[in-house]
Amino acid sequence: MIKTKSLKKIFTTEEVETTALDNVNLEVKGGEYVAVMGPSGCGKSTLLNILGMIDKPSEGEYLFLEEEVSSYSERQRARLRKENIGFVFQSFNLIDELTVYENVELPLLYLGVSASERKKRVNEVLEQMEIMPRKNHFPQQLSGGQQQRVAVARAVIARPKLILADEPTGNLDSAHGEEVMRLLNELHEAGTTIVMVTHSPAYAEYSHRTIHLFDGHIVSENIQREFRL
């Protein structure tokens with residue numbers, strides 16, 4: 001599903017040039033669950049942004065579903081994102097002016113899904129995430145754990161092939177963190193590919209393998225359990 005070759009990302013300002021990723025070679029198969037770990041500033045979120053086509057690499061290749069996408073325009077990247085990728089962020093990134101229902105429905109509006117199909121799918125995923133009683137609430141009326149469940153619901157509503165999770169438990173207490181990890185594990189068992197950035201070795205154990213980044217390089221890889229197609 002994902003393959004990078006000699007991936008490099010450089011951020012340049014008037015005064016300094018910073019290499020966030022340097023010669024990253026990575027492959028993630030469809031259906032795999034991969035954790036990415038490393039100290040703050042090592043390039044984890046930068047890598048996730050490139051994999052999610054939010055950002056472009058400075059050098060190297062990125063193949064997504066066997067398409068070389070590193071030189072794609074924003075419009076081309078947006079099309080692939082909408083159709084294939086769901087995002088779960090540490091800060092939830094919900095829209096405060098929209099209800100739970102409307103936040104979850106939003107990706108389907110962008111995809112032009114019919115009103116009747118939207119209603120069916122939103123209700124299904126709200127039930128799955130056990131957040132249906134809060135469907136008419138606004139994000140600020142929810143606990144952190146409830147907000148993250150809404151964020152996961154929004155990430156999966158379009159039935160993406162890939163979920164990218166950037167510290168999805170970072171703003172949660174341990175009980176709510178475990179709950180989000182259980183939800184991600186259920187989605188993986190249903191066939192979704194997951195790449196998750198985490199600081200937690202315990203949460204990394206949910207994955208098939210853990211990739212360790214340091215100063216923009218992949219320095220090691222641990223296999224927790226064998227991945228079988």
Side-chain angles (χ1 to χ4, degrees), residues 1-5 7 9 21 24-37 43-57 60-72 74-93 104 106-108 110-111 113 121 125 128-129 148-170 180-198 203-204 206-211 213 218 221 223-225 227-229:
M1 176 176 279
I2 286 172
K3 190 170 187 177
T4 71
K5 299 178 182 178
L7 204 68
K9 181 63 181 179
L21 295 173
V24 171
N25 296 289
L26 171 66
E27 189 166 353
V28 178
K29 295 180 173 65
E32 200 174 3
Y33 191 158
V34 176
V36 181
M37 298 189 73
K44 301 187 300 295
S45 293
T46 300
L47 176 61
L48 220 61
N49 285 341
I50 291 175
L51 297 183
M53 288 174 271
I54 294 172
D55 203 355
K56 296 171 69 171
E61 297 179 35
Y62 173 31
L63 285 84
F64 180 74
L65 297 176
E66 300 185 351
E67 285 188 57
E68 213 299 302
V69 300
S70 58
S71 61
Y72 274 17
E74 170 53 31
R75 177 174 289 187
Q76 289 172 305
R77 298 201 312 273
R79 172 185 59 81
L80 278 173
R81 272 201 310 271
K82 285 191 299 183
E83 294 173 356
N84 296 288
I85 303 174
F87 295 88
V88 181
F89 301 96
Q90 178 178 347
S91 55
F92 315 138
N93 283 14
V104 175
L106 201 57
L108 300 183
Y110 290 143
L111 290 170
V113 175
R121 284 166 67 170
V125 79
Q128 181 187 1
M129 299 297 161
Q148 193 61 299
R149 267 188 278 167
V150 176
V152 173
R154 182 188 56 191
V156 303
I157 190 68
R159 298 169 182 164
K161 296 180 178 69
L162 170 68
I163 288 181
L164 299 174
D166 193 355
E167 292 285 359
T169 62
V180 168
M181 292 306 302
R182 177 183 61 78
L183 291 172
L184 289 175
N185 201 51
E186 287 176 2
L187 293 167
H188 168 253
E189 288 176 353
T192 306
T193 307
I194 297 177
V195 178
M196 175 184 67
V197 165
T198 182
Y203 292 156
Y206 282 81
S207 68
H208 291 109
R209 60 189 167 110
T210 303
I211 292 163
L213 279 179
I218 293 177
E221 181 178 307
I223 296 174
Q224 278 82 251
R225 53 197 172 96
F227 171 67
R228 293 176 181 171
L229 288 169

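On a predicted model such as this, the values are computed, not experimentally measured, just so you know. If you read the sequence from its start, that first residue is 1, and numbering goes on from there.
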Over all atoms of both residues, closest heavy-atom pair of Asn25 and Ile218
O-CD1, 3.6 Å

Leu7 side chain near Leu47 side chain, heavy-atom distance below 4.5 Å
yes

Please report the C-alpha distance between Lys82 and Leu111 in whole Å, then the side-chain angles of each, then the deciding distance to 0.1 Å, and finally whether the side chain to side chain contact (heavy atoms under 4.5 Å, CB included) criterion is met.
CA-CA 7 Å; Lys82 285 191 299 183; Leu111 290 170; 3.9 Å; yes

Indicate the atoms forming the closest heavy-atom contact of Phe87 with Gly52, along with that distance.
CZ-O, 3.4 Å

Answer whether the closest heavy-atom distance between the side chains of Val156 and Thr192 falls below 4.5 Å.
no

Report yes if some heavy atom in the side chain of Leu187 is under 4.5 Å from a heavy atom in the side chain of Gln128; otherwise report no.
yes

To the nearest 0.5 angstrom, please state how far the CG atom of Leu164 sits from the CE atom of Met196.
12.0 Å

What is the distance from atom CD1 of Ile2 to atom CD1 of Ile85, rounded to the nearest 0.5 Å?
7.0 Å

How far does OG of Ser207 sit from CD1 of Ile223, to the nearest 0.5 angstrom?
10.5 Å

In chain order, what residues pass the salt bridge (charged side-chain N to carboxylate O under 4.0 Å, His left out) check against Arg182, with sequence neighbours excluded?
Glu186

Heavy-atom pair of closest approach, residues Tyr33 and Tyr206:
CD1-O, 3.7 Å

Roughly how far, to the nearest 0.5 Å, is CG of Leu51 from OH of Tyr62?
4.5 Å

Taking only residues two or more places apart in sequence, or in another chain, which ones meet Glu32 in a salt bridge (charged side-chain N to carboxylate O under 4.0 Å, His left out)?
Arg209

Under 3.5 Å: donor-acceptor pair, side chain of Ser70, backbone of Pro57:
no

Are any of the side-chain heavy atoms of Tyr72 and Met53 separated by less than 4.5 Å?
no

State the CG-CG distance between Leu26 and Leu21, to the nearest 0.5 angstrom.
10.5 Å

Residues forming a side-chain contact (heavy atoms from CB on, under 4.5 Å) with Ala204, sequence neighbours excluded:
Ala35, Met37, Thr198, Thr210

So the side-chain hydrogen bond (donor to acceptor under 3.5 Å, both in side chains) pairs with at least one residue in residues 154-165 (sequence neighbours excluded) are Asn84-Lys161

Of the non-hydrogen atoms in Ile157 and Val104, which two are nearest, and what is the gap between them?
CG2-O, 3.4 Å

Verify, without hydrogens or angle tests, whether Gln148 (side chain) and Phe89 (backbone) share a donor-acceptor contact under 3.5 angstrom.
yes

If you look at every heavy atom in His188 and His208, which pair is closest and at what distance?
NE2-CE1, 3.2 Å

May I have the step-by-step check of side chain to side chain contact (heavy atoms under 4.5 Å, CB included) for Glu189 and Asn185, ending in yes or no?
CA-CA 6 Å; Glu189 288 176 353; Asn185 201 51; 3.3 Å; yes

Other residues, nucleotides, ligands: >12 heavy atoms within 6.0 Å of Lys56 NZ
yes

What residues, two or more places apart in sequence or in another chain, satisfy salt bridge (charged side-chain N to carboxylate O under 4.0 Å, His left out) together with Lys9?
Asp55

Only pairs at least two apart or in different chains count here, so list each salt bridge (charged side-chain N to carboxylate O under 4.0 Å, His left out) that has a residue in residues 61-70.
none

Begin with the C-alpha distance, continue with both residues' side-chain angles, and end with the deciding distance and a verdict on side chain to side chain contact (heavy atoms under 4.5 Å, CB included) for Glu221 and Ile211.
CA-CA 5 Å; Glu221 181 178 307; Ile211 292 163; 4.2 Å; yes

Please name the pair of heavy atoms, one in Pro160 and one in Ala155, separated by the smallest distance, quoted to 0.1 Å.
CG-O, 3.3 Å

Heavy-atom side-chain contact between Lys44 and Leu48 under 4.5 Å:
no

